[in-house]
Amino acid sequence: MMVAKIRLCVDQPLGPGQSVALAEAQAHYLFGVMREGPGARVLAFNGRDGEWLCEVIETGRRTGALACLERTRAQDAVPDLWLLFAPVKKARTDFIIEKAVELGVARILPVLTGFTNAERFRRDKAEAHVREAAEQCGRLSLPAVADPVPLARLLSGWDPARRILWADEARTGEGSARDVLAGAAPGPWAVLVGPEGGFSAAERERLRAAPFISPIALGPRILRAETAAVALLALWQAHLGDWAAA
């Protein structure tokens with residue numbers, strides 16, 4: 001089987017002999033940037049039908065098409081893990097989203113807190129960033145991206161069956177990840193990372209009072225929000241996710 005280095009996330013069904021029309025941006029990337037032409041091999045996925053080796057059968061400045069040749073990987077499942085995070089500056093938010101995709105989250109939920117200090121969160125831009133990250137990291141599915149929601153409203157409507165692992169920046173010296181996660185059970189989870197300024201006193205009181213929230217310390221040093229997000233996701237994956245099963 002010929003190896004293809006380019007991966008594209010498409011919206012059409014994938015299957016034997018299926019023709020797949022390319023979006024304008026995909027055609028520009030494939031033919032204008034990567035200089036591919038008829039007969040080139042591309043990997044395509046849509047989050048439902050697995051990954052398929054495809055051949056370029058049509059080229060154009062703004063259009064193009066692929067033909068499915070054979071399936072290279074069956075559709076897989078990601079852990080039932082959500083990321084709750086307070087948006088930060090654009091470049092750092094982009095980093096958080098990219099790493100969340102790479103680390104296998106199923107859903108991304110921006111949370112507005114008292115100290116959230118960021119530019120307006122663009123869901124469409126975030127979804128485009130998710131697609132690019134999934135194409136690069138080999139994922140077969142895209143995590144859903146939600147619109148920002150105030151923390152208080154999120155907690156009021158939260159299903160307690162989904163536990164939340166909270167990176168509590170004030171919890172140094174207690175509540176280690178090993179202690180909290182060692183006895184935890186797999187299932188639906190979320191991880192929560194606060195803004196650059198941390199949570200307010202009222203927010204912290206509410207978070208600590210919720211029975212479905214487990215606060216943990218992330219070591220003796222103060223971490224940036226994006227570093228905390230990566231660390232928290234990696235810890236969960238190592239103890240309860242698909243890293244633990246690998």
Side-chain angles (χ1 to χ4, degrees), residues 1 3-16 18 20 26 42-54 66 68-85 95-111 123 126-147 149 154 157-167 177 180-193 212-214 216 229-246:
M1 180 176 64
V3 176
K5 295 182 179 179
I6 298 174
R7 298 180 79 243
L8 295 177
C9 179
V10 299
D11 296 326
Q12 295 92 15
L14 299 171
Q18 179 74 39
V20 180
Q26 292 174 325
V42 176
L43 293 171
F45 66 101
N46 61 7
R48 303 180 301 276
D49 301 320
E51 180 183 76
W52 284 76
L53 180 66
C54 300
L66 311 174
C68 295
L69 300 177
E70 59 181 312
R71 190 167 70 173
T72 56
R73 285 192 289 160
Q75 188 65 37
D76 59 4
V78 295
D80 191 2
L81 175 65
W82 297 1
L83 170 64
L84 317 178
F85 78 102
F95 178 87
I96 291 172
I97 292 172
E98 177 184 276
K99 300 312 169 188
V101 176
E102 293 178 16
L103 288 166
V105 304
R107 191 171 186 186
I108 298 171
L109 291 88
V111 177
R123 181 177 173 181
E127 289 174 335
H129 207 57
V130 162
R131 292 173 71 98
E132 293 173 5
E135 290 172 345
Q136 292 294 322
C137 76
R139 275 189 67 151
L140 298 181
S141 61
L142 302 180
V145 180
D147 288 320
V149 60
L154 181 77
W158 193 259
D159 179 1
R162 181 178 298 276
R163 295 200 59 81
I164 296 177
L165 188 65
W166 166 33
V180 172
L181 293 172
W189 276 83
V191 299
L192 171 64
V193 177
F212 51 83
I213 295 180
S214 298
I216 67 166
V230 172
L232 196 59
L233 290 170
L235 284 169
W236 189 92
Q237 281 283 29
H239 285 83
L240 299 173
D242 50 20
W243 290 9

Interatomic distance, [X] atom [atom1] to [Y] atom [atom2] [nearest 0.5 angstrom]:
{"X": "C137", "Y": "K99", "atom1": "SG", "atom2": "NZ", "result": "9.5 Å"}
{"X": "R73", "Y": "D49", "atom1": "CZ", "atom2": "CG", "result": "14.0 Å"}
{"X": "R48", "Y": "L14", "atom1": "CZ", "atom2": "CG", "result": "7.5 Å"}
{"X": "E51", "Y": "L140", "atom1": "CD", "atom2": "CG", "result": "5.5 Å"}

So do [Y] and [X] actually touch side chain to side chain, heavy atoms under 4.5 Å?
{"X": "F212", "Y": "D159", "answer": "no"}
{"X": "T72", "Y": "F45", "answer": "no"}
{"X": "S141", "Y": "Q75", "answer": "yes"}
{"X": "P16", "Y": "W52", "answer": "yes"}
{"X": "L43", "Y": "L53", "answer": "yes"}

Considering all heavy atoms of both residues, which atom of [X] and which atom of [Y] are nearest to each other, and what is their separation?
{"X": "V145", "Y": "R123", "result": "O-NE, 2.9 Å"}
{"X": "I108", "Y": "P143", "result": "CD1-CG, 4.2 Å"}
{"X": "L142", "Y": "C9", "result": "CD1-SG, 3.7 Å"}
{"X": "W158", "Y": "P160", "result": "O-CD, 3.3 Å"}
{"X": "A161", "Y": "P188", "result": "O-CG, 3.6 Å"}
{"X": "R107", "Y": "L109", "result": "CG-CD1, 3.6 Å"}

Have Q237 and D242 got a donor and an acceptor in their side chains that come within less than 3.5 Å?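 Indeed, the side chains of Q237 and D242 share at least one donor-acceptor pair under 3.5 Å.
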Sequence neighbours excluded and cut-off under 3.5 Å, please list the side-chain donor-acceptor pairs for residues 76-83, or say none.
unit_1 : atom_1 : unit_2 : atom_2 : d
D80    : OD1    : R162   : NH1    : 3.0
D80    : OD1    : R162   : NH2    : 2.9
D80    : OD2    : R162   : NH2    : 3.2

I need the single residue from L192, I213, L84, V180 that forms a side-chain contact (heavy atoms from CB on, under 4.5 Å) with L165. Which is it?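 Single pass found, and it is V180.
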Please lay out, stage by stage, how L103 and W236 fare under the test side-chain contact (heavy atoms from CB on, under 4.5 Å). CA-CA 10 Å; L103 288 166; W236 189 92; over 6 Å; no
Summary of salt bridge (charged side-chain N to carboxylate O under 4.0 Å, His left out) pairs that have at least one residue in residues 129-145, sequence neighbours excluded: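 Qualifying pairs, neighbours excluded: D11-R131.
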E98: which residues meet the side chain to side chain contact (heavy atoms under 4.5 Å, CB included) condition with it, sequence neighbours left out?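 Here the qualifying residues are E102, H129, A133.
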